[in-house]
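Counting starts at 1 for both ligands and their atoms, in listed order. Count residues from 1 along the sequence.
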Amino acid sequence: VIEALAVRIDADRLRARHEAMSAIGATGRGGIDRQALTEAEIEARALVIDWARSRGYALSSDPIGNLFIRRPGRERNAAPVLAGSHLDSQPNGGNFDGVYGVLAGLEVLEALDDGAVETDRPIEVVIWTNEEGARFQPTTMGSAVYVGALSLQQALSARGKDGMTVSEALDFMRRKLPSCAPRALATPLHAYVEAHIEQGPILESARRKIGVVLGIQGLRQYAITVEGTEAHAGTTPRLRRRDAFVAARRIAAELDRVATDAQDIARLTIGRFDVSPGTTNTIPGKVAMTVDLRHPDQDELDRLDRAIHEICRKQAEPCSASVETLLASRGVSFAGCVIEAVREEAARLGHGALDIMSGATHDAAFLTRLCPSGMIFVPCRDGISHNEAEFTSLDDMIAGAEVLAGVVRRLSHIKAELAA
Ligand SMILES: [Zn+2]
């Protein structure tokens with residue numbers, strides 16, 4: 001515990017670095033446009049590399065451009081504890097999403113050095129390539145390739161709207177950045193911890209500084225098409241009508257009912273509802289709607305999935321409904337040892353904490369396939385993110401970095417392999 005107190009986050013340094021990063025790719029409206037592997041993101045990486053080199057940290061980069069900054073441990077060859085996040089943004093992105101986790105990680109390395117604190121294992125900070133998926137698809141590309149969930153070849157050949165492939169964009173970046181030691185994909189890690197803004201309103205409303213992230217909720221998206229028969233609105237009696245809107249309305253009401261739970265956990269959104277042909281005097285022959293369904297519990301997500309299919313079958317009568325699954329991603333549970341470490345460090349530091357599920361996906365989701373992983377959330381004002389108005393106070397940024405420092409130190413002192 002005495003050793004733990006020696007790690008002091010330098011608030012001025014963290015603020016100055018955050019301000020410097022906010023200037024790179026600034027839109028002039030308070031946010032940033034720093035899409036993956038653009039000049040702006042490369043400039044941001046160059047600045048982080050400068051800071052890392054000035055402290056003597058070793059740098060390495062893998063074939064998909066993920067960048068690793070390493071502070072050695074007593075056991076030089078032990079698998080490292082990894083922290084980090086991403087520097088790329090949405091086209092109208094904020095100054096906190098991603099960049100906060102990288103800066104908090106770097107701050108932890110430097111604070112350990114300032115306090116002359118040694119760790120058993122090396123501690124590394126990572127900048128993942130193309131987390132946002134705004135320029136190149138898919139999202140969380142760098143972490144997906146790193147853990148082997150996406151093939152390197154597939155990622156390298158992804159082409160952005162500007163016509164450039166990831167492979168070409170990586171070459172462009174490598175010409176601009178100082179050379180880094182090559183690093184293989186999927187090198188062993190002891191644990192992964194990502195600090196990130198919540199991107200939702202829960203911590204702020206509960207007046208807590210730290211989110212103990214239990215996992216990332218699963219997501220499914222559907223396209224539902226209800227087909228009836230177009231007919232004259234004035235001449236067709238009720239029993240002869242096959243009104244697609246009436247059937248779709250019934251389906252929507254049932255979906256709403258089945259996804260309404262007492263604890264307010266399930267999230268079901270009908271984001272699109274197109275009625276055709278859309279004239280005042282024709283009975284609608286077709287409705288096209290989308291459903292976005294999220295739940296942290298995979299069994300519950302499966303149950304709701306079956307319910308959606310059944311509702312569409314039963315409620316469509318006398319019309320018919322088809323359900324197409326557009327996207328299905330399983331929920332993720334973070335490792336108990338990381339969750340416990342976050343909870344205990346927040347308590348030790350006196351930062352009010354709350355257990356929370358992540359509504360959005362993150363690189364940490366893929367890292368769970370490689371090593372025990374977890375996340376630390378800090379609040380963001382009004383829950384706003386992917387928006388230039390995104391804001392987290394310096395106080396909260398410091399609290400998150402303090403917890404991160406405690407967590408990586410704690411995990412770095414565990415000798416054996418952690419249990420997921
Ligand atoms: Zn992010």
Side-chain angles (χ1 to χ4, degrees), residues 17-18 21-22 24-25 27 30-38 40-41 44-45 48 64-67 82-107 125-147 149-150 192-204 210-211 213 215-217 219 294 329 332 334 342 356-368 373-392 396-397 400-401 403-404:
R17 294 205 162 154
H18 181 255
M21 293 302 275
S22 300
I24 301 175
T27 59
I32 50 161
D33 179 355
R34 206 161 57 211
Q35 294 178 60
L37 307 176
T38 55
E41 202 226 336
R45 287 185 184 225
V48 173
I64 193 65
N66 297 318
L67 182 79
L82 182 67
S85 195
H86 59 97
L87 294 180
D88 68 319
S89 81
Q90 291 287 320
N92 296 301
N95 293 319
F96 298 85
D97 178 0
V99 62
Y100 169 62
V102 173
L103 294 182
L106 183 63
E107 176 56 37
V125 175
V126 61
I127 298 169
W128 298 113
T129 296
N130 186 33
E131 191 275 349
E132 294 287 356
R135 184 181 178 198
F136 303 106
Q137 284 289 319
T139 59
T140 57
M141 179 184 276
S143 53
V145 170
Y146 189 76
V147 306
L150 174 67
Y192 176 68
V193 196
E194 179 167 353
H196 204 282
I197 60 167
E198 181 200 330
Q199 305 184 278
I202 295 170
L203 292 175
E204 184 186 55
I210 299 296
V213 189
I216 296 177
Q217 64 183 348
L219 162 67
R294 302 178 192 229
S329 80
V332 166
F334 287 138
V342 174
I356 190 169
M357 286 297 294
S358 177
T361 196
H362 294 284
D363 292 305
F366 278 121
L367 268 292
T368 59
S373 301
M375 295 187 77
I376 300 164
F377 275 175
V378 293
C380 60
R381 191 168 61 200
D382 299 328
I384 291 172
S385 183
H386 282 191
N387 184 311
E388 293 183 303
E390 199 173 80
F391 178 79
T392 293
D396 291 345
M397 287 204 285
V403 172
L404 181 64

(request) Could you tell me whether F96 and H18 have their ring centroids closer than 6.0 angstrom? (result) yes

(message) Are H362 and F334, when compared by the centres of their aromatic rings, separated by less than 6.0 Å?
(response) no

(message) The test is side-chain contact (heavy atoms from CB on, under 4.5 Å); show your working for D97 and H386 and say whether it passes.
(response) CA-CA 8 Å; D97 178 0; H386 282 191; 3.1 Å; yes

(request) Enumerate the protein N/O/S atoms at a distance below 2.8 Å from the Zn ion (ligand 1), ignoring waters. (result) H86 NE2, D97 OD1, H196 NE2

(request) Could you tell me whether a side-chain N or O of R294 sits under 3.5 Å from a main-chain N or O of Q217, the two making a donor and an acceptor? (result)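 Looks like no, no N/O pair under 3.5 Å.
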
(request) Keeping the roles fixed (side chain from T129, backbone from G65), state whether a donor-acceptor pair exists under 3.5 Å. (result)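 Present.
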
(request) State which residues pass ring-ring contact (aromatic ring centres under 6.0 Å, His included) with H86; sequence neighbours excluded, sorted by chain then number. (result) H196

